[in-house]
Amino acid sequence: MVADEPTERQLRVMPWWLVLVGLLLAAALGWLVLDLLLTEADRASQPDTRATLRIDAIRTGLTVVAGTGGGLALLLAARRQWITERAQRHQESVAARDQAHRDRVQAHAESVAEATQRQQARQSTAAEHDAAERRLTELYTRAVELLGNDSAAVRLGGLHALERLGQDNPGQRPTIGGVLCAYLRMPAPDDQPRETEVRRTAQRVLTRHLRADDAAYWPEVVLDLTGATLVDFDATGCTLVDANFTATAFTGTTTFAGATVRGRLLLGTATFDDVVFDGLAADGEALLDGVRVGGLASFDGAAFTDGLSCRRSTFAGQTSFRRVTFGQPTSFDATRFEDATTFRQAVFDGALSMEHTEFGRSANFHAARFTNMALFRWTVFGAEALFDQARFTDAANFGRARFHSMASFRDTQFSRPPQVDQARAVVDPGHRWPAGAVVQQLDDEWLLLVDR
């Protein structure tokens, strides 16, 4: 807002009578001086002196009149000069105000033009955005319609259309990922090879965009495949964020080899034929409670930073946890390993619980390291139980465990004597018990271990 300019005082015009009054006053002053001087000159006694004085009086009176007139003239000239200067200042002030007004008008015009341009740009952008959104919606709707077509070939086209849409529009990737997961969660028709191929393609579309080292990575996608049926699911090298596979049926060979899990990995009550978790790195909680594996299961080299919960699960085939690192508390309570199982060189940084766990065949814990409490109470070892060169740096409890074959603790290190109260073992000359263990003969078939 422009500040108000100071108002100039109005110029008053000098009236003509004021000049006349000044002249009359000058004449009156001259006449008064002349009269006084002449009166004094008449008082002289000598005629010559009186004449001289009268001449001087007249000269003086005229001088006074002339001086007074000159003063008045000088005053008028000064007033004229002041008026001229004031007029000049007034003209300059008027010119400055005019220029400021023109500048304000120009600035206002430019501001209006700029605002109009911005408004037009916003309208143009909004129109383009609306057009793009309408086109995107049309493409998305069309792709989803293709996915719901009765023809398998058309459904395949819908999958690829959704993939292209997500690749070109990052904002749509979470939605597209959700649509693909929803499609896989839908019940699969029985004995339809073409539908199986469509589902394999949907799986590949998902996993293709879950590899962080790939230019096609979609970091916004979260897998929710609860209750889905997956065939030969391959998540090798994928980055999974809060992935949910609860009650998922995995058929064929499933692999999570080299995958990175951020957040939770939910696999509760899932079923597998063969499964590979080799090299998997999970920084969140991994839940495998109630899992059923009908074939081979391999976790070699995996790392579960926040621990693993694998309660009441069943592993029917050979199972391997070689060199696996378990961080926070890990539990295999009530889990059944029906075939040979190995935890060779595994590291348990958190507490381990294997209470009521059953090993149908050999259980190998060779060179495993237990840095926290390890519980094997009521654990059933159906064949060899090998703890050779294992190291327990905290409490180890084998109370009421059952050893149905040879148990070997050769060169096993215990920071404190293990608890074995009421553990039982079949009579076998190959047993190698921890140093100081008290073994009693129950009958011809069974031995009883007791704590000192």
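Just so it is clear, the values below take in all heavy atoms, side chains as well, and ignore hydrogens, waters and symmetry mates.
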For Q167 and A216, which heavy atoms make the closest approach, and how far apart are they?
NE2-CA, 3.9 Å

Mind running side-chain contact (heavy atoms from CB on, under 4.5 Å) on Q441 and V427 for me, showing each step along the way?
CA-CA 8 Å; Q441 185 88 29; V427 175; 3.5 Å; yes

Rounded at 0.5 Å granularity, tell me how far CG in L146 sits from CG in L159.
9.5 Å

Over all heavy atoms of both residues, which pair between A316 and G294 is shortest? Give the atoms and the distance, please.
CB-O, 3.6 Å

Can R204 and E197 be counted as an ion pair, charged N to O under 4.0 angstrom?
yes

Check: S298 side chain, S320 main-chain N or O, donor-acceptor pair, under 3.5 Å:
no

Set out, in order, the CA-CA distance, both residues' side-chain angles and the distance that settles side-chain contact (heavy atoms from CB on, under 4.5 Å) for D339 and T319, then state yes or no.
CA-CA 7 Å; D339 208 331; T319 304; over 6 Å; no

Donor-acceptor contact below 3.5 Å, side chain S93 vs main chain H90:
no

Can you find a pair of side-chain heavy atoms, one from Q203 and one from L184, that are under 4.5 Å apart?
yes

Go through the steps to decide whether Q119 and R122 satisfy the test side-chain hydrogen bond (donor to acceptor under 3.5 Å, both in side chains), and finish with yes or no.
CA-CA 5 Å; Q119 179 66 19; R122 285 195 297 268; 2.8 Å; yes

Going through the distances and angles, do V438 and L449 end up as a side-chain contact (heavy atoms from CB on, under 4.5 Å)?
CA-CA 6 Å; V438 177; L449 282 72; over 6 Å; no

Considering all heavy atoms of both residues, which atom of V221 and which atom of R173 are nearest to each other, and what is their separation?
CG2-O, 3.8 Å

On a heavy-atom basis, the closest approach of D300 and R323 is CB-NH2, 4.3 Å

Test log, rule salt bridge (charged side-chain N to carboxylate O under 4.0 Å, His left out), inputs R312 and D333
CA-CA 6 Å; R312 299 175 301 280; D333 291 344; over 6 Å; no

So does W446 get a backbone contact from the side chain of D443, meaning a donor-acceptor N/O pair under 3.5 Å?
yes

Taking the side chain as everything from C-beta on, heavy atoms only, tell me whether P418 gets closer than 4.5 Å to N397.
no

May I ask you to test the V420-D451 pair for a side-chain heavy-atom distance under 4.5 Å?
yes

Could you tell me whether the side chain of E85 reaches within less than 4.5 Å of the side chain of R89, counting heavy atoms only?
yes

Validation row, ring centre F233 to ring centre F272 under 6.0 Å:
no

E145 vs N149, test: side-chain hydrogen bond (donor to acceptor under 3.5 Å, both in side chains). Steps then yes/no.
CA-CA 6 Å; E145 289 176 352; N149 195 279; over 6 Å; no

Is the backbone of F315 close enough, under 3.5 Å, to the side chain of R292 for a donor and an acceptor to pair up by distance?
no

Answer yes or no: is there a side-chain heavy-atom contact under 4.5 Å between V324 and F348?
no

State whether the side chain of N364 and the backbone N or O of R344 hold a donor-acceptor pair below 3.5 Å, judged by distance alone.
no

When rounded to the nearest 0.5 Å, the distance separating CG of L165 from CZ of R142 is 13.5 Å

Quick check against the 3.5 Å criterion: does H209 have a side-chain atom that pairs as donor or acceptor with the backbone of G177?
no

Which label fits F321 and F337: parallel for a plane angle under 30°, tilted from 30 to 60°, or perpendicular past 60°?
perpendicular

Distance (rounded to the nearest 0.5 Å) between D349 CG and T371 OG1
4.5 Å

Is the backbone N or O of L225 less than 3.5 Å from a side-chain atom of T248, with the two atoms forming a donor-acceptor pair by type?
yes

Name the orientation class of the two ring planes belonging to F343 and F365 (parallel below 30°, tilted from 30 to 60°, perpendicular beyond 60°).
parallel

Trace of the salt bridge (charged side-chain N to carboxylate O under 4.0 Å, His left out) decision for D242 with R262
CA-CA 6 Å; D242 289 330; R262 296 173 182 168; over 6 Å; no

Closer than 3.5 angstrom, by distance alone: can the side chain of T251 be matched with the main-chain N or O of L230 as a donor-acceptor pair?
yes

Distance (rounded to the nearest 0.5 Å) between C310 SG and D289 CG
7.0 Å

Which pair of non-hydrogen atoms, one from Q422 and one from L448, has the smallest distance, and what is that distance?
CA-CD1, 3.8 Å

Could you check whether F256 and F299 have their ring centres less than 6.0 Å apart?
no

Does the side chain of T246 reach to within under 4.5 Å of the side chain of T269, using non-hydrogen atoms?
yes

Determine whether the side chains of Q106 and E110 contain a donor N or O and an acceptor N or O closer than 3.5 Å.
yes

If you count heavy atoms of other groups shown closer than 6.0 angstrom to CD of Q99, is the number above 12?
yes

Close aromatic pair by centroid cut-off 6.0 Å: F414 and F370
no

When rounded to the nearest 0.5 angstrom, what is the spacing between CG in L352 and CG in N372?
9.5 Å

Decide yes or no for T357 and V380: does some side-chain heavy atom of the first lie under 4.5 Å from some side-chain heavy atom of the second?
no

Please walk me through it: do F409 and Q389 pass side-chain contact (heavy atoms from CB on, under 4.5 Å)?
CA-CA 7 Å; F409 290 85; Q389 299 181 19; over 6 Å; no

4.5 Å side-chain heavy-atom contact, D232 and T254:
no

Spell out, as yes or no, whether a donor-acceptor pair under 3.5 Å connects the side chain of N169 to the backbone of G171.
no

For R208, is the CZ atom crowded, meaning more than 12 foreign heavy atoms sit under 6.0 Å from it?
yes

What class does the angle between the rings of F392 and F398 fall in, given that below 30° is parallel, 30 to 60° is tilted and above 60° is perpendicular?
perpendicular

Check whether more than 12 heavy atoms from other residues, nucleotides or ligands sit under 6.0 Å from atom CE of M406, and answer yes or no.
yes

To the nearest 0.5 Å, atom CG of L442 lies from atom CZ of R424 at 5.0 Å

Just grab all the side-chain hydrogen bond (donor to acceptor under 3.5 Å, both in side chains) pairs involving residues 398-411, residues at least two apart or on different chains.
D388-S408

Taking the six-membered ring for Trp, are W433 and F403 closer than 6.0 Å centroid to centroid?
yes

Starting from the C-alpha separation in whole Å, work towards a yes-or-no answer on ring-ring contact (aromatic ring centres under 6.0 Å, His included) for F376 and F387.
CA-CA 12 Å; F376 291 90; F387 288 87; 5.5 Å; yes

Would you check if the side chain of S313 reaches a backbone N or O of L288 as a donor-acceptor pair within less than 3.5 Å?
yes

Taking every non-hydrogen atom, the tightest pair across A259 and A235:
CB-O, 3.8 Å

Applying salt bridge (charged side-chain N to carboxylate O under 4.0 Å, His left out), run through R155 and E195 and close with a yes or a no.
CA-CA 9 Å; R155 293 199 296 275; E195 175 60 18; 2.8 Å; yes

